[in-house]
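Values below: all heavy atoms of this structure, side chains included; hydrogens, waters and symmetry mates excluded. Here the structure is a predicted model, which is why all the values come from computation and not from measurement. The first residue of the sequence shown is numbered 1, and numbering continues consecutively from there. In listed order, ligands and their atoms are each counted from 1.
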Amino acid sequence: MNMMRANLPVLISVVAVSLASAAGAVVPDLSNSFATIASSGATVLVCPAGDGDRLDAAQDCIGGTVVATVTLNLFDIGFNPVAGYPAVDMWLQANGLVTCPYGSIADGPSDVNGMTTFSGTIYGGGCSNDASLNVYINPHGLLNQVGLNLDLISPDLNGDLVVNLTDLVMFVNIYVGAYSVCADYVCDGTINIADVATIAAHFGATCP
Ligand SMILES: [Ca+2]
Ligand SMILES: [Ca+2]
């Protein structure tokens, strides 16, 4: 009993230190954090080799480019900015989009304001055109975010991260059949020679 009394101040100080470090460990909150897109409804060509369109130079589908950079603002449960969150632990995700390892991570760690951007190319394949773009915060999960509208299309039509004969057969079926935004690589509402040239240029592409 005397020994327990003697240790009580030690125990209290250990608990106090633990609480202080827990308060200092800033964890992103999925509801308080949010993402925005500079321009909604643009189209971005995605390739496993990472040589598609940059998000900050997306296609507007009327012959021009538009900035479609995604900006992420990370906040904790108390609306404090989460600074220094690693770039590799924040990535873009969307229904139908398949990415190479680290293929859609942030440009850099979150800054003192909890902010980072996604402005470069995406290493990946598949097709996503249902405005389901979102940001995954590893290991916490997807943001409670809706309405990030970006069409992500790829010469890797089946999303196996290789552009090969399988994709070419799919492309030809679209070319001779019903229009699909998924194969409208130079997006203008029609599948034509410019789109053929794009899949030809990326033929054989794989993840790095
Ligand atoms: Ca493929
Ligand atoms: Ca086209």
Side-chain angles (χ1 to χ4, degrees), residues 35-70 87-107 118-136 138 142 147-208:
T36 56
I37 192 163
S39 182
S40 197
T43 295
V44 166
L45 183 79
V46 171
C47 182
D51 57 351
D53 299 327
R54 292 181 56 86
L55 267 70
D56 59 10
Q59 300 182 54
D60 65 5
C61 299
I62 49 171
T65 58
V66 64
V67 177
T69 298
V70 172
V88 294
D89 286 326
M90 301 175 283
W91 60 77
L92 296 176
Q93 202 165 299
N95 296 338
L97 173 70
V98 182
T99 56
C100 301
Y102 306 106
S104 62
I105 62 172
D107 294 339
F118 302 82
S119 64
T121 63
I122 293 173
Y123 293 72
C127 181
S128 180
N129 65 332
D130 62 354
S132 62
L133 186 66
N134 204 339
V135 182
Y136 193 91
N138 191 45
L142 279 172
L148 294 183
N149 187 0
L150 193 65
D151 284 355
L152 299 160
I153 61 175
S154 177
D156 172 25
L157 280 162
N158 70 344
D160 67 352
L161 299 175
V162 183
V163 182
N164 61 18
L165 199 57
T166 306
D167 305 297
L168 194 58
V169 169
M170 289 175 73
F171 178 82
V172 169
N173 284 333
I174 294 169
Y175 187 82
V176 300
Y179 171 82
S180 168
V181 69
C182 298
D184 194 1
Y185 304 129
V186 180
C187 69
D188 57 0
T190 61
I191 310 296
N192 59 22
I193 191 69
D195 307 302
V196 175
T198 301
I199 193 169
H202 292 274
F203 200 80
T206 59
C207 294

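The Ca ion (ligand 1) has an N, O or S atom of Val162 closer than 3.0 Å. For residue Thr166, no N/O/S atom approaches the Ca ion (ligand 1) to within less than 3.0 Å.
A donor-acceptor pair under 3.5 Å is formed between the side chain of Asp167 and the backbone N or O of Asn158.
Take the Ca ion (ligand 2) as the corner point: the lines to OD1 of Asp184 and to OD2 of Asp195 open at 110°, to the nearest 10 degrees. Between O of Val186 and O of Thr190, the angle at the Ca ion (ligand 2) works out to 150°, rounded to 10 degrees.
Looking at every heavy atom in both residues, Val186 comes nearest to Asp195 through N-OD1, 2.8 Å. Taking all atoms of both residues into account, the shortest heavy-atom contact from His202 to Cys47 is ND1-SG, 3.3 Å.
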| Stepwise, does the side chain to side chain donor-acceptor pair (under 3.5 Å) test hold for Asp130 with Ser132? | CA-CA 5 Å; Asp130 62 354; Ser132 62; 2.5 Å; yes
| request: Might you work through the side chain to side chain donor-acceptor pair (under 3.5 Å) test for Asp151 and Asn129, ending with a clear yes or no? | output: CA-CA 5 Å; Asp151 284 355; Asn129 65 332; 5.2 Å; no
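Looking only at N/O/S atoms, Asp156 comes nearest to the Ca ion (ligand 1) through OD1. In Asp188, the N, O or S atom that comes nearest to the Ca ion (ligand 2) is OD1. Note on Asp160: its N/O/S atom closest to the Ca ion (ligand 1) is OD1.
More than 12 heavy atoms of other residues, nucleotides or ligands sit less than 6.0 Å from atom OH of Tyr179.
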